[in-house]
Amino acid sequence: ACLAPMRSIVCLWLLAASTLTQAPAPCELNASGDCLDEPRDAAAAASAVSSAGANEHVDASVKAGVPRSTPPKAPPSMPSPDAVATSTVPDHVPIAMHPPFLEYEPWPLCVPSVATVELINTSEDEDVEIHSISQLSPLFHVAQVNRTRLRPGDNLSLSVVFLPRELGSVRGELLIQTSAGGFFYELSATGMASPYGLKPINATHVSKDTAFIPPIELTNPHEQQLRIKEVFTSENFLHLMLPPAGMRGDQPAPGLEDGVWKLEPSERKHVISLSFTGRTPGQYEGYVHILTDYDTLIIPVSIGVSASYLQ
């Protein structure tokens, strides 16, 4: 399972990513499939993610080639000998970046990968103040950094999250502003097919006031049973629904036993549905979080609502 610190990092930057929040409060489902009465705020959601399952035992017999979202002991950020990107720190800025640029190992869609970057003040006699660090691509995310003063030899560690949304190679940049000047820090990564059978939910044209209800299906790629412990979204324009069988009288949802969703090895199942109705034209961006006993899965959602849709 994912380590608690990594879970907090991943969710803190995702929980605030919402726009056009004019719909009613969200419905959040717990492991028993119940809709909670009160919406979860960002801080509470992040706390739940950081604590859920952190101490549970996880069987290590996982199929070869299935990446884990837990940060590896050796960061996946060391540049390869053939990489073409180079460090872009100007000579007049006494900052060294380690690594000189960030290259992630290939990573599956909808599974966050976390790498660590260090900024080091190489000046022998001058402090350097870090004013801000911002990402210039929706594929890469860095937690907000408060203004920080680095004395000579001091370093600042950053956790940079890559959430693959598309297959193939992608590039991005961090914009780092300091008291000695600003510069870009280069990022590169590769998205590959998800062993869980997940991909981002993208809808370019959805008519205003029209319900959009895509199913979310999940595959268990592991050799042991997979349990889904929680599914939630913090965006108040996104709602979650149990599959139809779970909404007919007292009949339980498929796979919902003992308060958790369960998938047997290689089984694929409709575990939840997303429900969205746009009342105002515009672009809506959000995330669906699925917490399992193996990985934290995060599905990006991008929906464009138009006043009318022409076939």
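Side chains are part of it too, since the values below use all heavy atoms of this structure and drop only hydrogens, waters and symmetry mates.
- Nearest heavy atoms, Tyr287 versus Arg165: OH-NH2, 3.1 Å.
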- [ ] Test Val231 against Val288 for side-chain contact (heavy atoms from CB on, under 4.5 Å), laying out the working first.
- [x] CA-CA 7 Å; Val231 182; Val288 175; 4.1 Å; yes
Task: Stepwise salt bridge (charged side-chain N to carboxylate O under 4.0 Å, His left out) test for Asp209 and Arg279 - done: CA-CA 5 Å; Asp209 297 325; Arg279 305 300 181 186; 3.3 Å; yes
Task: Worked check of side-chain contact (heavy atoms from CB on, under 4.5 Å) between Ile228 and Leu291 - done: CA-CA 6 Å; Ile228 300 174; Leu291 310 185; over 6 Å; no
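- Checked by atom type and distance alone, the side chain of Ser123 never pairs as donor or acceptor with a backbone atom of Asn121 at under 3.5 Å.
- With a 4.5 Å cut-off on side-chain heavy atoms, Thr233 and Leu240 count as touching.
- Distance check: Ser188 OG to Glu173 CD gives 11.5 Å after rounding to the nearest 0.5 Å.
- Closest approach of Glu285 and Glu235 over heavy atoms only: O-CG, 4.0 Å.
- Ring pair Phe212/His205: centre-to-centre distance not below 6.0 Å.
- Here Thr122 contributes atom OG1 and Asn155 contributes atom CG; the two are 12.0 Å apart, rounded to the nearest 0.5 Å.
- Linking Ile, Leu, Val, Met, Phe, Trp and Tyr whenever their side-chain heavy atoms come within less than 4.5 Å leaves Val117 and Ile120 in two separate clusters.
- The aromatic ring centres of Tyr294 and His222 sit less than 6.0 Å apart.
- Using a 4.5 Å cut-off on side-chain heavy atoms (C-beta onward), Thr210 and Lys208 make no contact.
- Under the 30°/60° scheme for interplanar angles, the aromatic rings of Tyr284 and Phe237 are found to stand perpendicular.
- The heavy-atom pair separating Ser179 from Asp127 by the smallest distance is OG-O, 4.5 Å.
- A heavy-atom distance below 4.5 Å is not found between the side chains of Val142 and Val161.
- Smallest separation of non-hydrogen atoms from Leu163 and Pro300: CD2-CG, 3.9 Å.
- Judged purely by atom type and a 3.5 angstrom limit, Asp295 has no side-chain atom pairing as donor or acceptor with the backbone of Pro112.
- Rounding to the nearest 0.5 angstrom, the gap separating the CD1 atom in Ile272 from the CD1 atom in Ile290 is 8.0 Å.
- In this structure, Leu156 and Leu158 have side chains that are in contact, with non-hydrogen atoms separated by less than 4.5 Å.
- Relative orientation of the Phe232 and His289 rings is parallel, given thresholds of 30° and 60° on the angle between their planes.
- Using a 4.5 Å cut-off on side-chain heavy atoms (C-beta onward), Leu109 and Leu198 make no contact.
- Under a 3.5 Å cut-off, the side chain of Asn220 and the backbone N or O of Glu264 do form a donor-acceptor pair.
- Side-chain atoms of Met97 and Ile176, non-hydrogen and from C-beta on, do get closer than 4.5 Å to each other.
- When all heavy atoms of Ile299 and Lys199 are compared, the pair lying nearest together is CG2-O, 3.6 Å.
- Taking the six-membered ring where the residue is Trp, the centroids of Tyr185 and Phe101 are separated by 6.0 Å or more.
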- [ ] Please lay out, stage by stage, how Ile298 and Cys110 fare under the test side-chain contact (heavy atoms from CB on, under 4.5 Å).
- [x] CA-CA 5 Å; Ile298 302 175; Cys110 304; 5.9 Å; no
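- Considering only residues two or more places apart in sequence or on other chains, Ile213 meets the side-chain contact (heavy atoms from CB on, under 4.5 Å) condition with Ala211, Met241, Ser273, Ser275.
- The closest side-chain heavy-atom distance from Tyr196 to Leu297 is below 4.5 Å.
- When all heavy atoms are compared, the tightest approach of Ser169 to Thr190 is OG-OG1, 3.6 Å.
- Using a 4.5 Å cut-off on side-chain heavy atoms (C-beta onward), Thr292 and Leu263 make no contact.
- From Phe162, atom CZ reaches atom OG of Ser137 across 8.5 Å, with rounding to the nearest 0.5 Å.
- Qualifying side chain to side chain donor-acceptor pair (under 3.5 Å) partners for Glu129, counting only residues two or more places apart in sequence or in other chains: His131, Arg147, Arg149.
- Between atom OG of residue Ser113 and atom CH2 of residue Trp107 there is a gap of 4.5 Å, rounded to the nearest 0.5 Å.
- Following chains of ILVMFWY side-chain contacts shorter than 4.5 Å, one can reach Val145 starting from Val128, so the two form part of one hydrophobic cluster.
- A distance-only check finds a donor-acceptor pair linking the side chain of Asp293 to the backbone of Arg227 [under 3.5 Å].
- We find the CG-OG1 distance between Asn146 and Thr148 to be 6.5 Å, quoted to the nearest 0.5 Å.
- Using modelled atom types, one finds a donor on one side chain and an acceptor on the other under 3.5 Å when comparing Gln283 with Ser302.
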Open item on the list: Before you tell me yes or no, could you show the steps for Val301 and Leu274 under side-chain contact (heavy atoms from CB on, under 4.5 Å), namely the whole-Å CA-CA distance, both residues' side-chain angles and the distance that decides it to 0.1 Å?
Closed with: CA-CA 10 Å; Val301 179; Leu274 182 68; 3.9 Å; yes
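- Crowding of Arg151 atom CZ: a count of heavy atoms from other residues, nucleotides or ligands under 6.0 Å not exceeding 12.
- Under a 3.5 Å cut-off, the side chain of Lys269 and the backbone N or O of Trp261 do not form any donor-acceptor pair.
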